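Okay, so here's the structure we're looking at.
Keep in mind that the numbers below use all heavy atoms, side chains included, and drop hydrogens, waters and symmetry copies. Everything quoted here is computed from the prediction, not taken from an experiment. Both counts, for ligands and for their atoms, begin at 1 and track the order of listing. Numbering of residues begins at 1 and proceeds along the displayed sequence.
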Amino acid sequence: MDSVTLRSLYLNFFKDRGHAVIQGASLIPENDPTVLFTTAGMHPLVPYLCGEKHPQGTRLTDVQKCVRTGDIDEVGDNTHCTFFEMLGNWSLGDYFKKEAISWSYEFLTEVLKIDPNRLAVSVFGGDETAPRDEEAASIWKKCGIAADRIFYLPKKNNWWGPAGQTGPCGTDTEMFIDTGKPKCSDECSPACDCGKYIEIWNDVFMQYNKQADGSFAPLAQKNVDTGMGLERTLCILNGYKSVYETDLFRNAIVKLEELSSKKYGETEETTKAMRIIADHIRTSTMLLGDQKGVTPSNVDQGYVLRRLIRRSVRFGRLIELPEGALSEVAKVYIEQYKDIYPEINENAEKIITELEKEVARFSSVLQQGLKEFEKVISYLPVKRLSGKTAFKLYDTYGFPIEMTVELAKEIGYEVDVEGYKKAFEEHQQKSHAGAEQRFKGGLQDNTVEVTRLHTATHLMNAALRTIVDENIRQKGSNITAERLRFDFNLDRPLTPEEIKKIEDYVNGAIQAKADVVCREMTVAEAKAMGAIGVFDSKYGEKVKVYSIGDYSTEICGGPHAANTGELGTFRIVKEQSSSAGVRRIKAVLEYKG
Ligand code: SER
């Protein structure tokens, strides 16, 4: 069976049983700051599980894109993936255990034609939060599951959720394929990881809401939330050893074989590298192409994406992938998913451009970084890399700390990760201190020239984000009476056309004679009005926000010119590289006569 068939069998089965087929959501969760990614089908449905009315009714089904990065280091084995699709069906205060379990049984045995003697299930064994789930067990028995295939397990195994730190959760009943391997011991059960039992589906009976204080409050309604992993189920139905043999990965792996002239399965190393790249580039394609598109950066989702791409570059070297190979793999995925996830089609160009940019950013320093790594290792008296060195590999060569740890582990070395974190924080503080120092310098030199150049800096910052790239951020600023100097993130020089457009933008704002208005407000208010700048509590409860007409809104200590009309003509005199991925502009304000 292929993925297209399984998706449609599942959705149709539940559609026939009164479920509305809904659109899956973005990989970036809405209103849940406690997690980076959508990790389960129920995640986007939390408000409805809590009692809000869903516009499409009380029975829903969908396929949801999910990313889980907890096991990123396990990727390369038979089962782990960072991206996966979850098939799910929900009852929002509608049906409960009887229907949920009977339908699961019917789908598994009649639609997927799995022999009931190859199934095993687990139910909640009971504790102080909820009683032993005899009800679920008895429904399973009625369906036709033998008593010795029903396992009562504790909370660790049979309690699901919440997806973040708070939210809907409850006891569950999980379904497993019994691979037929002998029991590893008398206690062998689906809780055991010996490989006899492989989980394929989970029916959660969501009756509780986990509160911030850790307690469980009853939900307004009793819900059912089920989740079936597409990759794993396909693998089992087809009798494959690994998910990488399914049609979801097949084309990508064929492409990798073609590009690297190596054969999947040839050596353990090649197989692992190909699996890692196939997984990571699939996840990267999904993140870059998501409706809330992520781009590589040093924070949050962007950092995970960066790690995935950089890790792919590194493993690509091991199998001698030529330049541009990762984009070819991404193209395979775009083709594969474009009809299932239209956003992938819409963002196809962006996926490739952003991927190529990140690959280029890293490829150019990877070789040097690896040399540096080897050099340092050869001098070390102990098998432990200092935090400082790890930080240097990060700061100079863009090695994510996790990658340094992995490289070290491969040769039996440790990394002082705590020391790395310390070095990282010290560096942050230094650059903050530097910024404050420079800022103080600005305040002390409170001449009219400096004030005006400061206002011009805000305008130029806005121009860069409007004209060149909305992801541009200030990396440094230094103003004297003669000129402004401004550093910002960009991995290429500005074109002469862009420089001209930036000058025009700033001069346009000057000619518009816009008032510069300063307001005090809380950081939250500043964020809400779209202000840019350092959202740092160090600035105190209230911050000053300077708005220049509709051109710019920025958190800043000031001072500024009162009106842009005072500013003279803005001209960029130099644009150059400042450090890796950072450009520097010097500009002046010229006054006639
Ligand atoms: N939320 C449950 C899971 O992720 C069932 O969908 O397994």
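- Between Phe14 and Phe107, the two ring planes are tilted [angle within 30° to 60°].
- Look at Glu410 and Lys272 and you find no salt bridge, because none of the NZ, NE, NH1 or NH2 atoms lies under 4.0 Å from a carboxylate O.
- Within 4.0 Å of ligand 1, protein heavy atoms belong to Ala40, Met42, Arg68, Met86, Trp160, Asn202, Val204, Asp225, Thr226, Gly227, listed by chain and number.
- Between the side chains of Tyr95 and Asn89, at least one donor-acceptor pair of N or O atoms lies under 3.5 Å.
- Among residues two or more places apart in sequence or in another chain, the side chain to side chain contact (heavy atoms under 4.5 Å, CB included) test is passed with Lys262 by Ser260, Glu266, Thr270, Met274, Ile319, Glu320.
- Between the OG1 atom of Thr129 and the NZ atom of Lys155 there is a distance of 2.5 Å, given to the nearest 0.5 Å.
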Criterion side-chain hydrogen bond (donor to acceptor under 3.5 Å, both in side chains) on Ser26 and Gln291, from CA distance to verdict: CA-CA 6 Å; Ser26 161; Gln291 44 274 64; 4.6 Å; no

